[in-house]
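Input: a single structure, listed below in structure tokens.
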4 protein chains.
Amino acid sequence: MTKDADQIPITFTLDSKSGIPYYKQIILQVEMAIADGRLSKGARLPTVRSLAVDLSINPNTVARAYNEMEIRDIVVTQQGSGTFISEKQITIDAIERERILTEITRSFITKAASYGITLEELLDHIRDLGSDIVPKGDPS
Amino acid sequence: MTKDADQIPITFTLDSKSGIPYYKQIILQVEMAIADGRLSKGARLPTVRSLAVDLSINPNTVARAYNEMEIRDIVVTQQGSGTFISEKQITIDAIERERILTEITRSFITKAASYGITLEELLDHIRDLGSDIVPKGDPS
Amino acid sequence: MTKDADQIPITFTLDSKSGIPYYKQIILQVEMAIADGRLSKGARLPTVRSLAVDLSINPNTVARAYNEMEIRDIVVTQQGSGTFISEKQITIDAIERERILTEITRSFITKAASYGITLEELLDHIRDLGSDIVPKGDPS
Amino acid sequence: MTKDADQIPITFTLDSKSGIPYYKQIILQVEMAIADGRLSKGARLPTVRSLAVDLSINPNTVARAYNEMEIRDIVVTQQGSGTFISEKQITIDAIERERILTEITRSFITKAASYGITLEELLDHIRDLGSDIVPKGDPS
DNA sequence: GTGGTCTAGACCACA
DNA sequence: GTGGTCTAGACCACT
């Protein structure tokens, strides 16, 4: 009930040595936070300016990340009020869903195969990363 | 069986959205293939032109990848006969390999999550589709 | 056969009084040019810098338009070589296609209805705009 | 039939991607409805709160639209009883109306074109879907 | 020469 | 206060 009860449940960090552009790092962190439930629909992101200060980068860089997420329908921005996780519920029927699932899986596997990654490694990695991301039950 | 004795046992794939330059993707895939035995010493790589056509990219880009691999002693170019895996022992960077695996897995999972696909479904699909594509046992 | 045989078949113009941001005007003009066939798959757009000079605007503004189109999969950019109309062929089956068609039509009609636009007006406008855009035969 | 005598004969829709601010979209739709007779003098508009709920936007945004319409003498607010269309003759800007119609039509056509949908299909679908929604004859 | 990223700073519209 | 647009200019990686 305190004023900050619904405070932003995400902390951003930037790695200047990773070679990944700052704006992409921000997008990745938002995507991960959405995937594992730390950010849910309608949640508000930090303001462009405040996040820029926090990360010690230029506001334009944050704005670029937010803008790209808006184009991708990941977030919705409302002039003058802020940036929010999109409410859009992708409404797909079972057939379409199956088609998409097969397509992205196939694409993933062939890409992995190009790097000589074995099936076991894939499954291991998905379990590792996935248990953090796609809540499957109660992992605690 | 004879004509294909020196057939290239490697399939290249490029991801235009990964942010990794094409020439680096090619190098990485060659290194990976050497490391896990799909390419062994003396194996012949596709010609610059044929690979460029296969991947629908500029031959200069393939040439750059080959050049850089030659500089690093990964391959040897023999004028008129082609490009071959050199004798040098490749010590593929385990960290780099891990980084790639994590990245493609992460991208896969977040995309799936955006469609509300659960971890179990992912694992099931990979088992189904994967056994046809990815080598399961030891590659040596 | 001249060197410029495949020169860019599109001329951009900006209206500073329309209230539409420059970068959006650029996107709109590319979309229209694609829709009516003046730009087809693989066609090359002007370079960021040259278009910026032509339009007397900052290169960043052009880059922003190109970047947004890249995110939307309208164009593909290749580092160091240029920006091209995307080759992507949306592969959708008849059912999916029908679903999309119905959805965007329904959305269009309800939006128009909110502005009190009659069915006749809609049909007229589509014929007017459409005959320029969706080639239906030979309109000349 | 009596209880709904003063029922609001107008449906509002907002397009978050049009770039037009919500408050302006509301004003435009009211003006359009007045111009074509769906709203006549003395007709009552929805309350600020109910419209805000319907459109899932901030009540302040609706209030701003109503305020601006009051300043322009389009509506009159009667404390405690509601907001009503004023006596003033609305001379809706024919150019503005045309601009809107063109824009939504253009957006519709280019989106359809990106799916390879032809003009004939569009016209057919609009005839099918549209006759249920859009008034066909004269609205006076 | 191509586009990509980032900074700095200005001005505007919306809430 | 919020985000949106645009300019100016720097530096980098890729072809």
Side-chain angles (χ1 to χ4, degrees), chain A residues 14 16 18-26 44-52 55-71 75-84, chain B residues 16-17 19-27 52 57-65 67-68, chain C residues 14 16 18-26 44-53 55-71 75-84, chain D residues 16-17 19-26 52 57-65 67-68:
Chain A
L14 293 182
S16 63
S18 69
I20 303 172
Y22 290 161
Y23 82 94
K24 273 188 187 157
Q25 293 187 39
I26 293 172
R44 187 180 181 197
L45 290 179
T47 69
V48 168
R49 288 166 172 89
S50 72
L51 184 53
L55 298 176
S56 302
I57 60 175
N58 191 291
N60 283 334
T61 304
V62 178
R64 178 174 183 177
Y66 282 19
N67 181 45
E68 173 153 349
M69 290 193 288
E70 162 130 64
I71 296 170
V75 303
V76 171
T77 85
Q78 296 195 344
Q79 267 276 20
S81 102
T83 304
F84 305 85
Chain B
S16 65
K17 296 185 179 175
I20 303 171
Y22 288 162
Y23 83 95
K24 271 187 189 161
Q25 294 186 39
I26 293 171
I27 294 173
I57 59 174
N58 194 306
N60 288 334
T61 306
V62 179
R64 173 167 185 182
N67 280 337
E68 191 149 323
Chain C
L14 293 182
S16 63
S18 68
I20 303 172
Y22 290 161
Y23 83 94
K24 272 188 188 158
Q25 293 187 38
I26 293 172
R44 188 182 181 193
L45 291 179
T47 68
V48 168
R49 288 167 172 88
S50 72
L51 184 54
V53 170
L55 297 175
S56 303
I57 59 175
N58 191 291
N60 283 335
T61 304
V62 178
R64 178 174 184 175
Y66 281 19
N67 181 45
E68 173 153 347
M69 290 194 288
E70 162 130 64
I71 296 171
V75 302
V76 171
T77 86
Q78 296 196 342
Q79 268 274 20
S81 101
T83 303
F84 306 84
Chain D
S16 64
K17 296 185 179 176
I20 304 171
Y22 288 162
Y23 83 96
K24 270 187 190 162
Q25 294 186 40
I26 294 171
I57 59 175
N58 194 308
N60 289 334
T61 306
V62 178
R64 174 167 183 181
N67 280 338
E68 191 148 325

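Labels below follow one simple rule: chain letters A, B, ... track the order of the sequence lines, proteins then strands, and each chain is numbered from 1. FYI, side chains are in, hydrogens and waters are out, and symmetry mates aren't considered; it's all heavy atoms of this structure.
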### Query
For the atom pair NZ (K24(D)) and CZ (R64(D)), what is the distance rounded to the nearest 0.5 Å?
8.0 Å

### Task
With the side chain counted from C-beta on, respond yes when Q78(C) and T61(B) share a heavy-atom pair under 4.5 Å apart, and no when they do not.
no

### Query
Y66(C) OH to dT5(E) P: how many Å, rounded?
17 Å

### Message
Can you tell me how far apart CD1 (I57(C)) and OG (S16(C)) are? Round to the nearest 0.5 Å.
### Response
11.5 Å

### Query
Of T47(C) and N67(C), whose nearest nucleotide on DNA chain E comes first from the 5' end?
T47(C)

### Task
Would you indicate what Y22(C) reaches in the nucleic acid, counting non-hydrogen atoms under 4.0 angstrom: base, sugar-phosphate, or nothing?
sugar-phosphate

### Query
Ignoring hydrogens and angles, does a donor from either the side chain of N58(C) or the base of dA8(F) sit under 3.5 Å from an acceptor on the other?
yes

### Query
Can you tell me how far OH of Y23(A) sits from CD of E68(A), rounded to the nearest 0.5 angstrom?
5.0 Å

### Task
To the nearest 0.5 Å, tell me how far L51(A) CG sits from I26(A) CD1.
5.0 Å

#### Entry: Closest to side chain of N60(A), choosing from dT2(F), dT7(F), dA8(E)
dA8(E)

### Query
Given atom CG of L14(A) and atom P of dT5(E), what is their separation to the nearest angstrom?
14 Å

### Query
When the distance from CD1 of I20(A) to C1' of dA13(F) is rounded to whole Å, what number comes out?
16 Å

### Task
Give the rounded distance in Å between these two atoms: CD1 of I57(B) and P of dT15(F).
8 Å

#### Entry: Gap between atoms CD and C1', on Q25(B) and dA13(F) respectively (whole Å)
15 Å

### Query
What integer distance in Å separates I26(A):CD1 from dT5(E):C1'?
13 Å

## Note on the structure
To the nearest angstrom, the CD1-P distance between I71(A) and dG3(F) comes to 16 Å

### Summary
CG (N67(C)) and CD1 (I71(A)) are apart, to the nearest 0.5 Å, by 6.5 Å

### Query
Based on Watson-Crick and G-U pairs with both distances under 3.5 Å, what dot-bracket line describes DNA chain F 5' to 3', crossing pairs as [ ] and inter-strand pairs as |?
||||||||||||||.

### Task
Provide the closest heavy-atom pair for V75(C) versus Y66(C) in the form atom of the first, atom of the second, distance.
CG2-O, 3.8 Å

### Message
It should be established whether R64(A) places a side-chain nitrogen or oxygen under 4.0 Å from OP1 or OP2 of nucleotide dC6(E).
### Response
no

### Query
With respect to the side chain of E70(C), which nucleotide from dC14(E), dG4(E), dT5(F) is positioned closest?
dG4(E)

#### Entry: Out of dC6(E), dT15(F), dA15(E), whichever nucleotide has its closest atom nearest the side chain of Y23(B)
dT15(F)

### Query
Could you walk me through whether Y22(A) and L55(A) pass the side chain to side chain contact (heavy atoms under 4.5 Å, CB included) check?
CA-CA 10 Å; Y22(A) 290 161; L55(A) 298 176; over 6 Å; no

### Query
Please give, in whole Å, the distance from dA13(F) P to K24(B) NZ?
8 Å

### Side chain of V48(A) - closest among dT7(F), dG3(F), dT2(E)
dG3(F)

### T61(A) side-chain N/O to dT5(E) phosphate OP1/OP2 under 4.0 Å
no

### Message
Let me spell it out: for each of P59(C) and Q79(A), pick the nucleotide of DNA chain F with the closest heavy atom. Which residue's pick is nearer the 5' end?
### Response
Q79(A)

#### Entry: Polar side-chain contact R49(C)-dG3(E) base: donor and acceptor under 3.5 Å
yes

### Query
Is the shortest side-chain N/O distance from S81(C) to OP1 or OP2 of dT2(E) below 4.0 Å?
no

